[in-house]
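These notes are about the structure you will find just below.
Just so it is clear, the model here is predicted, and its values are computed rather than measured.
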Amino acid sequence: MSGMRLTFAEIYLKNFEHNVKAIKKFVKPGVKICCSVKADAYGHGAVPCAKAAVKCGAEYLAVATVGEGIELREAKIKAPILLLSYCSPSEMADLVKYNITPFVGDEEYIEFVEAAVKKAAKASQAQKAAAKKFAVHLAVDTGMGRVGCLPCDAAALAKRIFGSKYLCLGGMCTHFASADGTAARDRSYAKKQRDAFAAAVESVKALGIKPGIVHASASAALMDKIEWQFDMVRPGIILYGYYPDKITQKYLSAKKTPLLVKPVMALVTGISALRPFKKGMSVSYGSTWTAAKDTTIGVLPIGYADGLLRRQAGTLKVSVGGKLYPIRGRICMDQCMVDLGSAKGIKRFDRAVIFGPKESGALLTADDLAKDAGTISYEILTCVGKRVQRVLVK
């Protein structure tokens, strides 16, 4: 077995499990949980996170691509899997083969799914009975402008699915565009979306058709709009220990509906070299930083190919031995340099933590990095590259 690189990501599964259980307690009794493990579980590792989610009571999982669903099925995960995005016609056969539940939102796409199910039924008698009842969820676009039908078309499409020999309506869903905001405009827009979705569901029921599992709320709405939880919620970022925009722990505590989640990932590296630097020496591409006094530069084998953002050169800091030190010069693809001052007590190969939970030795979180970079924690987490090995901490 080969040794491990100095740069890796620790995944604190105990924190992930805590978060799932906390969400489970937070939602109303009887409300199901669909854990979003798309984008390799926001960079944390889809398979271990999906298994932990199911173990802790999640009834559904959600992915963004057919390939992500196949990965879970090949890992022997049997929980229902929702496909949040549309797929190509060439992926439809695998959609059916691996029993991944798609969102549908127009006649043409329904026909593509139906044709794939029909073909599978003809290919195997054993699949025939299952194919007749292949579940789809009708997505309703209430204002996100991405996936789904207009609310006024929901009833007709539900009737189309209901009348199919091969499909059944397993659920109805929508997605809020501004539920993570607290401004009057955000609240008004979210309320309009909620009302439009509720009306669409009622229009389907008026035809005598059961809408299946009704779901709309991702992380922000499930915490801030408890009455909008419907039959199921779809937590995403809070599973991994971060809050969506304005719906923070402080905000929830002020509302007297606290939900404490813990960061799950720590991005870790080590000092591969210690370089004595004299006043006037410069570092990295473009010589953008020059030492104003004698110092020690530590070389870290981590760069923008691993998940750091190049634009954070000059502002990013890293934790070494319980203290923050600044990154100097431009961040390279594979390395960056940290100003360690006198480097008193610091040795070659000492641990350096970019972000993570406190127990990792981190002094910054993904939120801190996001605020500095003018982005969101989601991007910081999902930018951690594939060559960064994930190490499970239980």
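Aromatic rings of Y109 and Y86 (six-membered ring for Trp) have centroids within the 6.0 Å cut-off, being under it.
Between D224 and K255 there is a side-chain heavy-atom pair separated by less than 4.5 Å. Contact annotation: the side chain of I11 never approaches that of V393 to less than 4.5 Å [non-hydrogen atoms, C-beta and beyond]. The shortest distance between side-chain heavy atoms of I81 and T101 does not fall below 4.5 Å. Between L222 and R234, every side-chain heavy-atom pair lies at or beyond the 4.5 Å cut-off. With a 4.5 Å cut-off on side-chain heavy atoms, E59 and P80 do not count as touching. A 4.5 Å side-chain heavy-atom check between L267 and V353 finds every atom pair outside the cut-off. Taking 4.5 Å as the limit, every side-chain heavy atom of M333 sits out of range of all side-chain heavy atoms of R310. Side chains of L169 and I209 form a contact here, defined as non-hydrogen atoms less than 4.5 Å apart.
If you take OG1 on T296 and CZ on F277, they are separated by 10.0 Å, rounding to the nearest 0.5 Å. Distance check: Q193 CD to S178 OG gives 6.0 Å after rounding to the nearest 0.5 Å. With rounding to the nearest 0.5 angstrom, the NZ atom of K323 is 10.5 Å from the NZ atom of K344. The OG atom of S85 sits 7.0 Å away from atom CZ of R146, with the distance rounded to the nearest 0.5 Å. Interatomic distance, CH2 of W228 versus CZ of R194, reported as 7.5 Å (0.5 Å rounding). Distance CG/D186 to CG/D180: 7.0 Å, rounded to 0.5 Å.
The two residues R187 and K225 make their nearest non-hydrogen contact at NH1-NZ, 3.5 Å. Pairing each heavy atom of D334 with each of A305, the nearest pair is OD1-CB, 4.4 Å. Summarising the geometry of L259 relative to Y243, their closest heavy-atom pair is O-OH, 2.6 Å, with the distance given to 0.1 Å. In plain terms, the two heavy atoms of A139 and F103 that are nearest each other are CB-CB, 4.2 Å. G385 and R390 make their closest contact through O-NH1, 2.7 Å (heavy atoms, listed as atom of the first residue, atom of the second, distance). The two residues A39 and E68 have their closest heavy-atom pair at N-OE2, 2.9 Å.
A 6.0 Å sphere centred on CZ of R5 holds more than 12 heavy atoms belonging to other residues, nucleotides or ligands. Residue R275 places its CZ atom among 12 or fewer non-hydrogen atoms of other residues, nucleotides or ligands, all under 6.0 Å distant. The 12-atom threshold is not exceeded at CD of E108, counting heavy atoms of other residues, nucleotides or ligands nearer than 6.0 Å. In K191, the NZ atom is not crowded: 12 or fewer heavy atoms of neighbouring residues, nucleotides or ligands sit closer than 6.0 Å. More than 12 non-hydrogen atoms from other residues, nucleotides or ligands lie less than 6.0 angstrom from NZ of K28. Crowding of K24 atom NZ: a count of heavy atoms from other residues, nucleotides or ligands under 6.0 Å exceeding 12. Enclosure of atom CZ in F162 is not indicated, since only 12 or fewer non-hydrogen atoms of other residues, nucleotides or ligands lie within 6.0 angstrom.
Cluster membership for L260 and Y251, using ILVMFWY side-chain heavy atoms within less than 4.5 angstrom, is shared. A chain of hydrophobic side-chain contacts below 4.5 Å, direct or via other Ile, Leu, Val, Met, Phe, Trp or Tyr residues, connects L316 to M265. Under the 4.5 Å side-chain contact rule for hydrophobic residues, Y378 and I354 share a cluster. By the rule that hydrophobic residues join a cluster once side-chain heavy atoms approach within less than 4.5 Å of another member, I380 and L363 end up as members of one cluster. Hydrophobic clustering keeps Y189 apart from F176 (ILVMFWY residues linked when any side-chain heavy atoms are closer than 4.5 Å, directly or through intermediates).
Of the charged side-chain nitrogens involved, at least one lies within less than 4.0 Å of a carboxylate oxygen, so that D339 and R328 count as a salt-bridged pair. Salt bridge annotation for D106-R160: absent, with no cationic side-chain nitrogen under 4.0 angstrom from a carboxylate oxygen. A salt bridge is absent between D195 and K192; no separation between the charged side-chain nitrogens and carboxylate oxygens falls under 4.0 Å. By the 4.0 Å N-to-carboxylate-O rule, E379 lies close enough to R311 to be salt-bridged with it.
Using a distance-only test at 3.5 Å, with no hydrogens or angles considered, a donor-acceptor pair links the side chain of Q312 to the main chain of L369. Judged by distance alone, with hydrogens and angles left aside, the side-chain atoms of S319 form a donor-acceptor pair with the main-chain N or O of G361 at under 3.5 Å. At distances below 3.5 Å, not a single donor-acceptor pair connects side-chain atoms of S282 with backbone N or O atoms of W289. One N or O on the side chain of T295 and one on the backbone of G341 form a donor-acceptor pair closer than 3.5 Å. Formation of a donor-acceptor pair under 3.5 Å by the D141 side chain with backbone atoms of G148 is not found in this model. Under a 3.5 Å cut-off, the side chain of T365 and the backbone N or O of G356 do not form any donor-acceptor pair. Judged by distance alone, with hydrogens and angles left aside, the side-chain atoms of Q335 form no donor-acceptor pair with the main-chain N or O of C332 at under 3.5 Å. R351 places no side-chain N or O within donor-acceptor distance of the main-chain N or O of G321, the cut-off being under 3.5 Å. For the pair S377 (side chain) and Y242 (backbone), a donor-acceptor distance under 3.5 Å is absent.
Each of V147, I161, L157 was evaluated against V104; a single residue qualifies, I161, per the side-chain contact (heavy atoms from CB on, under 4.5 Å) test.
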**OP:** Check the pair S88, E91 against side chain to side chain donor-acceptor pair (under 3.5 Å), reporting the backbone distance first and the verdict last.
**Re:** CA-CA 5 Å; S88 71; E91 295 176 293; 3.3 Å; yes

**OP:** Please test L150 against D153 for side-chain contact (heavy atoms from CB on, under 4.5 Å), starting from the C-alpha separation and ending with a verdict.
**Re:** CA-CA 5 Å; L150 294 177; D153 295 327; 3.9 Å; yes

Subject >> Derivation of the side-chain contact (heavy atoms from CB on, under 4.5 Å) call for L381 and I237 >> reply: CA-CA 10 Å; L381 297 171; I237 193 65; 3.9 Å; yes

Original post:
L138 and C173: side-chain contact (heavy atoms from CB on, under 4.5 Å), yes or no, with the steps?
Top reply: CA-CA 6 Å; L138 180 60; C173 59; over 6 Å; no

Subject >> Stepwise side-chain contact (heavy atoms from CB on, under 4.5 Å) test for I238 and M223 >> reply: CA-CA 10 Å; I238 56 174; M223 293 188 295; 3.7 Å; yes

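Using a 30° and 60° split on the angle between ring planes, F197 and F230 fall in the perpendicular class, above 60°.
Using modelled atom types and a 3.5 Å distance limit, the side chains of Y12 and E359 yield no donor-acceptor pair. Inspection of the S360 and E10 side chains reveals no N or O donor paired with an N or O acceptor under 3.5 Å. Using a 3.5 Å distance cut-off with no hydrogens or angles, the side chains of T7 and D306 do not pair a donor with an acceptor.
Partners of K262 under the side-chain contact (heavy atoms from CB on, under 4.5 Å) rule, at least two apart in sequence or in another chain, are N15, H18, N19.
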Side-chain donor-acceptor distances from residues 43-57 under 3.5 Å, at least two apart:
unit_1: H44; atom_1: ND1; unit_2: A41; atom_2: O; d: 2.9
unit_1: H44; atom_1: ND1; unit_2: Y42; atom_2: O; d: 3.0
unit_1: K55; atom_1: NZ; unit_2: E17; atom_2: OE2; d: 2.8

